[in-house]
S.K.: 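Got a structure for you, written out below as structure tokens; questions coming shortly.
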Amino acid sequence: MDKHILIDNAYSAMEKSYSPYSHFKVGAALVTEDGSIYTGCNIENASYGAAICAERTAMVKAVSEGHKSFKYIAIVSSSHEKTLPCGICRQFLSEFASKDAVVIMHDTENGIIEIPFNQIYPEPFSKDCIK
Ligand code: THU
């Protein structure tokens with residue numbers, strides 16, 4: 001997987017961001033186990049708490065098309081600085097992250113930054129916790 005292409009996909013998705021309240025645009029692009037790419041943007045709402053982040057938009061698009069595991073997720077924002085997934089997204093993504101899933105971010109000064117998903121969210125609440 002070419003990481004630059006995935007970052008480009010995330011920036012294209014960011015252009016569709018609906019963020020009239022925060023004016024902070026976010027885009028995400030993930031790669032599923034079979035190599036399919038799904039993208040998403042943040043979508044806000046007049047009822048602020050009803051907003052959905054870009055990462056979850058991409059993930060629900062993938063799952064709703066039958067893909068339950070991702071290998072990479074690229075995240076970018078209009079700040080053009082490293083944009084990490086929020087806590088809710090970390091938990092949500094943990095349900096579908098492959099064992100060696102990687103988060104790819106972009107910063108105009110430093111370029112591409114990669115962090116293993118299990119490093120930014122090491123101990124998720126998972127199905128193993130429900131017994
Ligand atoms: N946002 C995301 O889309 N992803 C994140 O991981 C962090 C925050 C969005 C939510 C809201 O629309 C805006 O960024 C400002 O918080």
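Nothing here was measured: the structure is a model prediction, and the numbers come from that model. Each residue takes its place number in the sequence, starting with 1. In listed order, ligands and their atoms are each counted from 1.
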S.K.: My understanding is that only residues two or more places apart in sequence, or in another chain, count here; which of them pass side-chain hydrogen bond (donor to acceptor under 3.5 Å, both in side chains) with S22?
M.R.: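 If we apply the side-chain hydrogen bond (donor to acceptor under 3.5 Å, both in side chains) test to S22, skipping adjacent residues, the hits are E44.
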S.K.: So for atom NE2, which belongs to H4, do other residues, nucleotides or ligands contribute more than 12 heavy atoms lying within a distance under 6.0 Å?
M.R.: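 No, because the 6.0 Å sphere around NE2 of H4 holds 12 heavy atoms or fewer from other groups.
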S.K.: Parallel, tilted or perpendicular: which describes the rings of F70 and F117, with under 30° parallel and over 60° perpendicular?
M.R.: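 The rings of F70 and F117 stand perpendicular, inter-plane angle above 60°.
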S.K.: Classify the ring geometry of Y11 against H106: parallel below 30°, tilted from 30° to 60°, perpendicular beyond 60°.
M.R.: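 Rings of Y11 and H106: perpendicular, as their planes differ by over 60°.
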S.K.: At a heavy-atom distance under 4.0 Å, which protein residues reach ligand 1? Sort them by chain and number, would you?
M.R.: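 Its neighbours under 4.0 Å (heavy atoms only) are S22, F24, V26, N42, E44, C53, A54, E55, L84, P85, C86, given by chain and number.
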S.K.: I'd like to check the side-chain contact (heavy atoms from CB on, under 4.5 Å) partners of C41; sequence neighbours left out, ordered by chain and number.
M.R.: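 C41 satisfies side-chain contact (heavy atoms from CB on, under 4.5 Å) with K16, S17, I43 once adjacent residues are dropped.
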S.K.: Would you give me the side-chain donor-acceptor pairs under 3.5 Å for residues 123-131, sequence neighbours excluded?
M.R.:
{"unit_1": "S126", "atom_1": "OG", "unit_2": "D128", "atom_2": "N", "d": "3.2"}
{"unit_1": "K131", "atom_1": "NZ", "unit_2": "D128", "atom_2": "O", "d": "3.2"}

